[in-house]
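Every value quoted in this text rests on a predicted model; they were computed, and no experiment measured them. Numbers restart at 1 for each chain; the letters A, B, ... are given by sequence-line order, proteins then strands.
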Amino acid sequence: DLIQKLDAAFKRFRNAGKLNEKNIAEAMRDIRRVLLEADVNYQVVKQFVASVQEKAVGQEVLQSITPGQQIVKIVHDELVHLLGQAHVPLKWGGHVPSVIMIVGLQGSGKTTFTGKLALFLRKQEHQPLLAALDVYRPAAVEQLQTLGESLGLPVFTGDRKSPVAIAEAAVREARKTHRDVLLLDTAGRLHIDQDMMDELMSIRKTVKPQEILFVADSMTGQDAVRSAREFMDRLDFDGIVLTKMDGDAKGGAALSIRSITGKPIKFIGTGEKLDQLEPFHPDRMASRIIG
Amino acid sequence: FQNKTVLSDDMLEEIEALLIESDAGVETSQSLIDALKSHQFSSDTGSGQPEDQVMRFLKRTIQEMLKEDDPGSIRETARPLVMLVVGVNGSGKTTTIGKLAWNMKDSGRTVLVAGADTFRAAAGEQLDVWAKRAGVDCIRQTTGADPASVAFDALEAAVARGVDVLLVDTAGRLHNKVNLMEELKKISRVLGKRLPGAPHEIVLVLDATTGQNGLRQAEQFARAVGVTQVALTKLDGTARGGIVLAIKNTLGIPVKWAGVGEGIGDLLPFDAEAFAEGMLG
Ligand SMILES: Nc1nc2c(ncn2[C@@H]2O[C@H](COP(=O)(O)OP(=O)(O)OP(=O)(O)O)[C@@H](O)[C@H]2O)c(=O)[nH]1
Ligand SMILES: Nc1nc2c(ncn2[C@@H]2O[C@H](COP(=O)(O)OP(=O)(O)OP(=O)(O)O)[C@@H](O)[C@H]2O)c(=O)[nH]1
Ligand SMILES: [Mg+2]
Ligand SMILES: [Mg+2]
């Protein structure tokens, strides 16, 4: 991990004499490598290391008897700062129902997250209605229905043909049946698929969600910024969800997506069961990335 | 030409960025750049611009690393040929099985599909649709059934019916989950007990958007049940899947298939040249 690498590096430096800016530059190479191996985006790493280097050539590090630890602290604090706030809440706003739209690439965990979010909201005394807007993937509607059934929550399927029409009808259904929050599960899609991205914009225009959540797989590599940027440009989403955090991926995509979009990471998925949803903790994420 | 004049620091940095941004990883990118630095380029003007020579060299090197004599071919080792399909959650296993079934049926083979994902919501229903689309039968049980017993029953049926190929779908699982990897080992063992040599192919389905964790996935699945080939999915996106270089170099596991879409025909035999081009393009 980073602290071991830097400690070893600085042991070499101190034996060679006084710590100086050249030593710091070498330490930055170690930091760069750790971040790239953690899947942080190449350009984001460049900026990050530059800003850490600036802080690291300060007097505290140069005078310190444990410069390695000092630098790790700078890296950790900078990561925490960039990763954003913990516990950023969902947006509400006096609408009935409040509409939450769930989007992202294929297989990222949207449908499972929709179920998790529904349980989370029910525990907070809300009455969620789930809507199955994925009319493409085989048995996607059945998948959401199964999750809804397991929670004792209604799932609206509409005409199973047109996602925009289903979304509109789901809003009417929510009002009719006094459900105060509507969760729209959408089909996974590529950010470069014009028609499918247009579909999302159309759904958004039609039902004007209070909250759009971009669901991303925490094991995503360098591609994270490409998809996040495109979804951001098209939808200006409100928050990010990182899934499969129960895996052993370092999760550098968190920093990449956050840097590119500036949006808060609101939840993390920590398993396949519907209660395996947690709020985001930037300090834990920072330790994981450089750990 | 003098390597130093063409391989300027700027150019090397550009190449490093290109390789890392395609998920080749720091180590693989470094060794490709080392190979570049130590290569003797021709200074005869007929060989083209130095920059072009450099890119051609990189492309050829990547292509050589991944080239297979028979991508997309099915070895007829046994009957039924049992292919166990594994990988982490959401990588594209079930969809790839649908595509494989159709591909094989199209090339004149009889195929049976086994739904050994008895865990995830609507997994069986999803595989059913794909089986119907491919025009093949699907053996499955209800949610909660023991996946090893489904695999066993499906192999019995495959033997009884004399089919050419049995494709076994499994639940997505993270490689760091010990109990889930034990479950996978049991599925593989049970297949081997019923038919010595089975499973003959163990296909790791890997999402091309995966970063460095992809190497770890391959290592762990290989350790658990052995992996004979990789199917790299979602290459129709912008991710380049460079992690397969490290998988091939360190584990010797070849990529045989490329998933390039969500339709039944969207599975191509892996093309190392096209892949190298995509990585550097
Ligand atoms: N281990 C783990 N698995 C997860 C998590 N979230 C989702 N999954 C699994 O990931 C796989 C894909 O989840 P889905 O909910 O179907 O993903 P999706 O984004 O809706 O997929 P598409 O609709 O096809 O785009 C399933 O096997 C889920 O059980 C998580 O936090 N941890
Ligand atoms: N664009 C694209 N999407 C793909 C490809 N392969 C699979 N998908 C999509 O990825 C999503 C997940 O596919 P599945 O087949 O359910 O993945 P899985 O590995 O079986 O998922 P679990 O069983 O939940 O672990 C679906 O939306 C598929 O349509 C591909 O090559 N390209
Ligand atoms: Mg889904
Ligand atoms: Mg599946």
Checklist line | Interface residue of largest heavy-atom contact number with chain A, from B:Thr94, B:Val26, B:Ile243, B:Val129, under 4.5 Å | finding: B:Val26
Notebook entry, point to check: Taking every heavy-atom pair that is under 4.5 Å apart, which of B:Gly211, B:Gly92, B:Gly90, B:Gly172 has the most such pairs with chain A?
Noted result: B:Gly211
Item checked: Leading residue by heavy atom contact count with chain A [cutoff under 4.5 Å; candidates B:Glu16, B:Arg133, B:Lys234, B:Arg240] -> B:Glu16
Checklist line | Which portion of A:Gln143 sits near chain B, non-hydrogen atoms under 4.5 angstrom | finding: both
Next item on the list: Using a cut-off of under 4.5 Å on heavy-atom pairs, state which of A:Gln43, A:Arg137, A:Glu37, A:Gln145 scores highest against chain B.
Entry: A:Arg137
Check: Do A:Asp198 and A:Arg234 sit within salt-bridge range, that is, some charged N less than 4.0 Å from a carboxylate O?
Finding: yes
Checklist line | Shortest non-hydrogen contact between A:Thr243 and A:Ser108, atoms and distance | finding: OG1-O, 2.6 Å
Check: Given a strict heavy-atom distance threshold of 4.5 Å, which part of A:Asp39 is in contact with chain B: side chain, backbone, both, or neither?
Finding: side chain
Notebook entry, point to check: By a 4.5 Å heavy-atom criterion (distance strictly below it), what part of A:Lys46 contacts chain B: side chain, backbone, both, or neither?
Noted result: side chain
Notebook entry, point to check: Side chain, backbone, both or neither: which part of B:Glu27 has a heavy atom under 4.5 Å from chain A?
Noted result: both
Check: If we ignore angles and hydrogens, is there a donor and acceptor under 3.5 Å between the side chains of B:Thr209 and B:Asp207?
Finding: yes
Note to self: Does either side chain, that of B:Asn213 or that of B:Gln217, offer a donor lying less than 3.5 Å from an acceptor on the other one?
What the structure shows: yes
Next item on the list: Start with the C-alpha distance between B:Asn179 and B:Glu183, add both sets of side-chain angles, then the distance that settles side chain to side chain donor-acceptor pair (under 3.5 Å), and finish with yes or no.
Entry: CA-CA 6 Å; B:Asn179 59 327; B:Glu183 176 187 89; over 6 Å; no
Next item on the list: Sequence neighbours left out, what passes salt bridge (charged side-chain N to carboxylate O under 4.0 Å, His left out) with B:Glu125? Give chain and number order.
Entry: none
Check: Can we call the ring centroids of B:Phe270 and B:Phe275 under 6.0 Å apart?
Finding: yes
Notebook entry, point to check: Is a side-chain donor or acceptor of A:Thr186 paired with a backbone partner of A:Ile102 at a separation under 3.5 angstrom?
Noted result: yes
Check: Which bit of A:Asp246 comes within less than 4.5 Å of chain B, counting heavy atoms only: side chain, backbone, both or neither?
Finding: both
Next item on the list: Check whether any side-chain N or O of B:Arg120 sits under 3.5 Å from a backbone N or O of B:Asn89 as a donor-acceptor pair, and report yes or no.
Entry: no
Notebook entry, point to check: Who wins among A:Lys250, A:Glu142, A:Arg32, A:Gln106 for the most heavy-atom pairs under 4.5 Å with chain B?
Noted result: A:Gln106
Check: chain A: which of B:Thr238, B:Leu174, B:Thr210 shares the most heavy-atom pairs with it under 4.5 Å?
Finding: B:Thr238
Next item on the list: Measure B:Glu21 against the heavy atoms of chain A and call it side chain, backbone, both or neither at under 4.5 Å.
Entry: both
Notebook entry, point to check: Between B:Gln220 and chain A, which part of the residue has a heavy atom less than 4.5 Å away: side chain, backbone, both or neither?
Noted result: neither
Next item on the list: Side chain from CB out, backbone as N, CA, C, O: work out which of these in B:Asp236 comes under 4.5 Å of a heavy atom of chain A, or both, or neither.
Entry: both
